[in-house]
Every structure is written in C-alpha cells, then in structure tokens.
Amino acid sequence: MAKGRHDGTIGATARSCPRGQGGGDPHGGRVRRAWTVVVTAGVDVPDGRGRTGLDQAGRDLTGNPRVRVRDVRLLACNWYVLRTTTFDYRHADGHWSTQQRETYDRGNGATVLLYDPDRRTVLLTRQFRYPAYVNGHPDGMLLETAAGLLDDDAPEEAIRREAAEETGHAIGEVEPVFSVYMSPGSVTERLHFYAAPYSAATRTSAGGGVAAEGEDIEVVELGFDHALDLVGRGEIADAKTIMLLQWAALSGPFSPARTPDRPATRP
C-alpha cells in the first residue's frame, strides 16, 4: 500500500486479477485486470506523525443520551487533526435532527502566569502569531503567558517544561487555577491554567524557546498594574493571558486578600 503522505491526502495501489477471475481470454491467455484500493493517511495507513484510526474519535461517546454519533470523517491531518462529525441531536422539545460539526483537534495544553509577589511583576513572552496577524492584529506579535501543548505529559510536568524553554525559569510548585475549553464551538482543546512564583534564583537560562522548532520568543517582564493597563488598551489581546491576569487581580497573588495595603506599581 502507498505510504500516507504528511498532508493526509489519499494514496492508492493497484493489484491484478489472475486468470479465471473477472473474465477470460478466448485464446486461453492470461487476463490482467487492475483495480484501485484507496487508503487514507491517518485512517488506514500512518500519517506524517505515525497516526492511524483518526476517524474513530467520538464514535464511542455515550455520556449524553441526546447525542448519537453517526459518522466521523477525517478532513486533514497535516499536523493537527480536522474532522467533520455527523450526529443526531434530540432537541428540548423532543424532536431529533441530524447535524454536522467540524472540529479541530490540536491536543490539550497548559499555561502559567509567572509572578514575583515582592516586586509585583509578571513574566510574559512575546512571539509572532500568524493567525492573529492574518485576522487584523497590526504585526502579529502577541504578549502571552508561557504555554504549550501537553505532548503526552501530565499538565504540571508540561507547563514546567514550557516555562523553562520559553522564559528560562525552572519553576517548582505550581498553583492550579482552572481548566477550560478555550473555543468550544470548533476546537477540542482543553487548557490547564497555573500560576507560579519566579525570582532571580529560578532563572537557569535565557529562555527564548526551542530554536530547532522555529521558536523565536522574547521574554518580557512587566509591572502587574501596567500589564492590566495593557489589557484595557488592547495591547494584551491573548485570551489566556487576560484570564490569568484578571484572576491574579481578583483572587490570585495580587488580590486584596493576598496583598493587603500593598501600593500599586508602575512599569
């Protein structure tokens, strides 16, 4: 069979019929009739990341009696996975309808807000994000909390790895904040949020990301109150970062309950 190509396109192979199958030759010769066997990378044969069976996701769901999955079709698996799923849905009035949804599966992830409670600062990153750039951001350079995909690691292990790679800080204990679906209308990702202190003592490298993976990350330290001002001015436009900054102000390390009578600081 043809090997699955990295873009998840269809491959094919042809086989021949021996004599006595699919018709005969009046002169007693051998008839060779070819047919095509269609295989799909990521379904029947490994895709560029070695995955198969990507069309099986969701077929065994039983948690919601109002939903019956009928079919799952793989659309693309270049790196992440795009599927269209057909399912029956029972509405509140009892009638059933057949619906289709496209889902984008990039795996689950984790993010962390690094903060210095004594200096009242946070440590963010700045990097180029093409999807934001193509959708109206002036230059695509977004200020963000350190984050990354789990890649089969536990969330806490993954975020320690990402914090070290991106910011150069080896963090210890992390505080779980919440785990949420960031765009549940189309993206399957569940993002695990954490917070952790940093200081000069936790710095082990310059950070900047993994160059071999094409990462080019700038480490940015901001006064916490200045970071909140940037949210209000639209200069911090990343959802996970805004959520963590708001949490830090309302109930986290910079909340009144945790820092009574502490003066605000500027950048």
Side-chain angles (χ1 to χ4, degrees), residues 80 104 106-117 119-150 155-156 158-169 171 174-198 207-209 215-259 262-267:
Y80 305 132
Y104 190 55
R106 60 189 304 271
N108 295 324
T111 185
V112 63
L113 176 67
L114 299 183
Y115 63 91
D116 184 332
R119 297 169 54 238
R120 199 172 169 85
T121 59
V122 293
L123 201 63
L124 304 180
T125 66
R126 181 185 283 116
Q127 59 182 307
F128 178 67
R129 298 298 198 183
Y130 179 76
Y133 185 44
V134 77
N135 195 31
H137 191 275
D139 58 11
M141 304 298 293
L142 265 61
L143 279 167
E144 306 177 32
T145 50
L149 296 178
L150 302 186
E156 291 188 11
I159 200 52
R160 289 191 183 95
R161 178 194 71 227
E162 293 296 331
E165 291 176 356
E166 296 189 4
T167 71
H169 285 261
I171 56 176
V174 294
E175 177 181 359
V177 179
F178 34 63
S179 296
V180 301
Y181 297 97
M182 294 297 290
S183 186
S186 58
V187 180
T188 62
E189 180 183 19
R190 187 178 186 184
L191 191 62
H192 303 271
F193 287 68
Y194 296 95
Y198 78 97
E215 293 182 330
D216 180 23
I217 298 173
E218 177 187 359
V219 182
V220 180
E221 185 177 73
L222 297 173
F224 177 68
D225 299 285
H226 180 51
L228 289 179
D229 287 345
L230 293 181
V231 172
R233 302 206 302 258
E235 295 180 44
I236 291 181
D238 172 66
K240 64 182 182 295
T241 306
I242 295 171
M243 292 167 69
L244 278 171
L245 291 173
Q246 294 287 355
W247 165 82
L250 294 172
S251 57
F254 302 115
S255 66
R258 291 208 202 177
T259 57
R262 287 289 298 270
T265 59
R266 306 313 300 171

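Model, not experiment: these values are computed from the prediction.
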Trainee: Where the side chain of T167 meets the backbone of A164, is there a donor-acceptor pair that is under 3.5 Å apart?
Mentor: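 No: the side chain of T167 does not pair with the backbone of A164.
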Trainee: Do L143 and L230 have side chains that approach each other closer than 4.5 Å (heavy atoms only, starting at C-beta)?
Mentor: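 The answer is yes; the side chains approach within 4.5 Å.
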Trainee: Does F178, at its CZ atom, have more than 12 non-hydrogen atoms belonging to other residues, nucleotides or ligands within less than 6.0 Å?
Mentor: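 Yes - once you tally the heavy atoms of other residues, nucleotides and ligands closer than 6.0 Å, there are more than 12.
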Trainee: Can you find a heavy atom in the side chain of V220 that is under 4.5 Å from one in the side chain of L123?
Mentor: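 No; the side chains remain at least 4.5 Å from each other.
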Trainee: Where is the tightest heavy-atom contact between A146 and T111, given as atom of each residue plus distance?
Mentor: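 Looks like O-OG1, 2.8 Å.
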Trainee: Between I159 and A147, what is the shortest heavy-atom contact and its length?
Mentor: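 Looking at all heavy atoms of both residues, the shortest contact is CD1-CA, 4.2 Å.
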Trainee: Atom CG of L113 and atom CE of M243: how far apart are they, to the nearest 0.5 Å?
Mentor: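 Reported to 0.5 Å precision, the distance equals 12.5 Å.
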Trainee: What distance do T241 atom OG1 and Q246 atom CD have between them, rounded to the nearest 0.5 Å?
Mentor: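 The distance works out to 11.5 Å.
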Trainee: For a quick test of reading the model, state the closest non-hydrogen atom pair linking E156 to P176 and the distance between them.
Mentor: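 Closest pair (atom of E156, atom of P176, distance): OE2-CG, 4.3 Å.
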Trainee: Answer yes or no: is there a side-chain heavy-atom contact under 4.5 Å between F224 and D116?
Mentor: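 They are not in side-chain contact.
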Trainee: Do we get R106 above Y80's six-membered ring, with its NZ or CZ under 6.0 Å from the centre and within 45° of the axis?
Mentor: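 Yes, R106 sits over the ring of Y80.
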Trainee: Identify the heavy atoms of G140 and H137 that sit nearest to each other, and give their distance.
Mentor: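 So the minimum-distance heavy-atom pair works out to N-ND1, 2.9 Å.
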Trainee: Using every non-hydrogen atom in the two residues, find where M182 and A239 come nearest and quote the distance to one decimal.
Mentor: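 Distance-wise, the nearest heavy atoms are CE-CB, 3.9 Å.
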Trainee: Within this structure, what is the CD-CG distance for the pair E235 and L142, rounded to the nearest 0.5 Å?
Mentor: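 Reported to 0.5 Å precision, the distance equals 11.5 Å.
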Trainee: State the CH2-OG distance between W247 and S255, to the nearest 0.5 angstrom.
Mentor: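 Output value for this atom pair is 8.0 Å.
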Trainee: Any side-chain heavy atom of L114 sitting closer than 4.5 Å to one from I171?
Mentor: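 Of all side-chain heavy-atom pairs linking I171 with L114, at least one is under 4.5 Å.
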Trainee: Are T121 and Y198 close enough that a side-chain donor and a side-chain acceptor fall under 3.5 Å?
Mentor: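 Yes, a side-chain donor-acceptor pair sits under 3.5 Å.
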Trainee: Does D139, at its CG atom, have more than 12 non-hydrogen atoms belonging to other residues, nucleotides or ligands within less than 6.0 Å?
Mentor: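 Correct, the count exceeds 12.
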Trainee: Salt-bridge test for E175 and R258: reply yes if a basic N is under 4.0 Å from a carboxylate O, no otherwise.
Mentor: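 Looking at E175 and R258, the cut-off is met.
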Trainee: Checking side-chain contact (heavy atoms from CB on, under 4.5 Å) for the pair K240/T145: CA distance, chi angles, key distance, verdict?
Mentor: CA-CA 7 Å; K240 64 182 182 295; T145 50; 3.8 Å; yes
Trainee: Identify the heavy atoms of A163 and V112 that sit nearest to each other, and give their distance.
Mentor: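 Here A163 and V112 meet closest at CB-CG1, 4.3 Å.
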Trainee: Got P253 and Y115 here, is their nearest side-chain heavy-atom distance under 4.5 Å?
Mentor: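 Counting from C-beta outward, P253 and Y115 do come under 4.5 Å.
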Trainee: Just wondering, more than 12 heavy atoms not from Y133 lying within 6.0 Å of its OH?
Mentor: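 12 or below, so no.
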Trainee: Could you grab the distance from atom CG of L124 to atom CD of E221, nearest 0.5 Å is fine?
Mentor: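 L124 CG to E221 CD: 9.5 Å, rounded to 0.5 Å.
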Trainee: Show me the donor-acceptor pairs, under 3.5 Å and distance only, between side chains in residues 190-197 and residues at least two apart or in other chains.
Mentor:
residue: H192; atom: ND1; partner: S179; partner atom: OG; Å: 2.8

Trainee: Is there a side-chain contact (heavy atoms from CB on, under 4.5 Å) between Y181 and V187 once you walk through the steps?
Mentor: CA-CA 8 Å; Y181 297 97; V187 180; over 6 Å; no
Trainee: Would a 4.5 Å heavy-atom cut-off, applied to side chains only, mark R120 and D225 as touching?
Mentor: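 Yes; the side chains approach each other to less than 4.5 Å.
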Trainee: Any pair with a residue in residues 122-131 that passes salt bridge (Lys or Arg N to Asp or Glu O under 4.0 Å), sequence neighbours left out, goes on the list, sorted by first then second residue, please.
Mentor: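 Residue pairs passing salt bridge (Lys or Arg N to Asp or Glu O under 4.0 Å), neighbours aside: R126-E218, R129-E144.
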Trainee: Taking the side chain as everything from C-beta on, heavy atoms only, tell me whether N108 gets closer than 4.5 Å to L149.
Mentor: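 A side-chain contact is absent here, since even the closest heavy-atom pair is not under 4.5 Å.
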Trainee: About how many Å separate CG of L228 and CG of L245, when rounded to the nearest 0.5 Å?
Mentor: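 Reported value, rounded in 0.5 Å steps: 6.0 Å.
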